Amino acid sequence: MKVKLKRVFQCQSCGYISPKWTGRCPDCGAWNSFVEETVEETKAEKKVLSEIVQPVSISLIEVTLSDRFSTGIAELDRVLGGGVVKGSLILIGGDPGIGKSTLLLQTSYNLSINYGKVLYVSGEESLTQIKLRAERLGIASDEILLLSETLVERILECAKEIQPVVLIVDSIQTVYTEEAVSAPGSVTQIRETATKLMNFAKTTGTAVFLIGHVTKEGAIAGPRVLEHLVDTVLYFEGDRGYAYRILRSVKNRFGPTNEIGVFEMTSQGLTEVENPSLIFLSEHGASSGSAITATIEGTRAILTEIQALVAPTQFGMPRRNFIGVDYNRVNLLIAVLEKRGRVNLAGADIFVNVVGGLKITEPASDLAVISAIVSSFRDIPLPERTVIFGEVGLSGEVRAISQPELRLKEAYRIGMNQAIIPKGNFERIKENYNLNIKGVSSINELLEIICS
Ligand code: TYD
Ligand code: MG
């Protein structure tokens, strides 16, 4: 069969192919994502699917639940939904240097001790570099097999021979397949290699971890196709400046999403943080502009501190700078506070920060953001040991939120003695969880409590 090569432009985000360069992808809307690639223009005789697999139906009762391996790291097991599922394909993304390779090397060690061989393929680092890291981590095991290789066909050949329980590919952007002609890291290559690894995982029952690089915008570099293909997508969050790392599941076919695991980077690698609420609150003092809220991350509640600083604007335009909270959401809350709460913030610079590097996306933190801003503006500390949560609407009303009990329980466990919550929740909770609970139905009621 003669192979004809063709030059096309392909969107590096979704894989859309266009004969000409375009500034914006008509399919996924990404800007400036087209790169020239070479593809094979063949009409390869496809094997008829029905000849390859024999369809067999099976009754629901007979379907066995997949086995799970424990990674030996409880925080990682939780994020995965209770351990690694056999035959699953897991993608771990994160900024360079955040600890992806470290976490997977530690995981390899635990798995190799409890379950058998682990094949760690590195296309990024040499074997000596991996060995050095392993020494730092105090890891030595005959059952961890290293392979420095980037051609996926050879990786799979090696994996078929070794039959590991888990295969780790560090990173998906460095591996390539002979069957596609474009450069490693391009959308075609990533899709093809990931598909091959996926087939391997599904046919052999080997769990496969893929490490993925992240672009400046924070998405896994290259294709969104990769996220569709894999079973589980985990992201490392957190600043390299902080010692804390947050691993979040954004997609999981085997467990809840948005579950987080909290780690600390130490000289012995990543260690688990068993009580994350404590680290996000650790330096809390009774100063103005600091509010404690409880957010739900996956299946558990975590207490976090939101800090605000409101200061008179020095040069014309007020500055608004928010870290860890949604920019538009906070601007909306400021507008509600001005209009409904009659707090005049027009000539003020406002800064909001979530302590510890957590990113809060839940509207349940609205009430705490408002409290922190007002507290800083008026320079009055909020009541001590008080947890505040609730969603705020455009007319200044405070709306009920989900799972108040879980949040209150966590608040009590961490040592809070008071809670300010939506009236709608207050009326329905059955007990007081050893807290002095106040229900508010509007931000004016909140202001009365915190400014009196
Ligand atoms: P690494 O796992 O190489 O990151 P990634 O694979 O995501 O790029 O993490 C490397 C960083 O972690 C590096 O800055 C050094 C630091 N580190 C420690 O602080 N302690 C350790 O025990 C190890 C192995 C790394
Ligand atoms: Mg790495």
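Nothing fancy with the numbering, it's 1 onward along the sequence. Counting starts at 1 for both ligands and their atoms, following the listed order. Keep in mind that this is a model prediction, so the values were computed, not measured.
At a heavy-atom cutoff of 4.0 Å, ligand 1 is surrounded by D95, P96, G97, I98, G99, K100, S101, T102, R133, R136, L137, M265, T266, S267, Q268, G269.
For T299, the side chain to side chain donor-acceptor pair (under 3.5 Å) criterion is met by E259, not counting sequence neighbours.
At least one side-chain heavy atom of Q10 sits less than 4.5 Å from a side-chain heavy atom of T188. At least one side-chain heavy atom of T232 sits under 4.5 Å from a side-chain heavy atom of F254.
A cation-pi contact links R407 to F389, judged by a cut-off of 6.0 Å to the six-membered ring centre and 45° from its axis.
At a cut-off of 3.5 Å, with distance as the only test, no side-chain donor of T177 or Q189 sits close to an acceptor on the other residue.
Note on ring orientation: taking the six-membered ring where Trp is involved, the planes of F34 and Y16 are perpendicular (angle over 60°, cut-offs 30° and 60°).
For the Mg ion (ligand 2), the set of nearby N, O or S atoms under 2.8 Å includes one belonging to S101.
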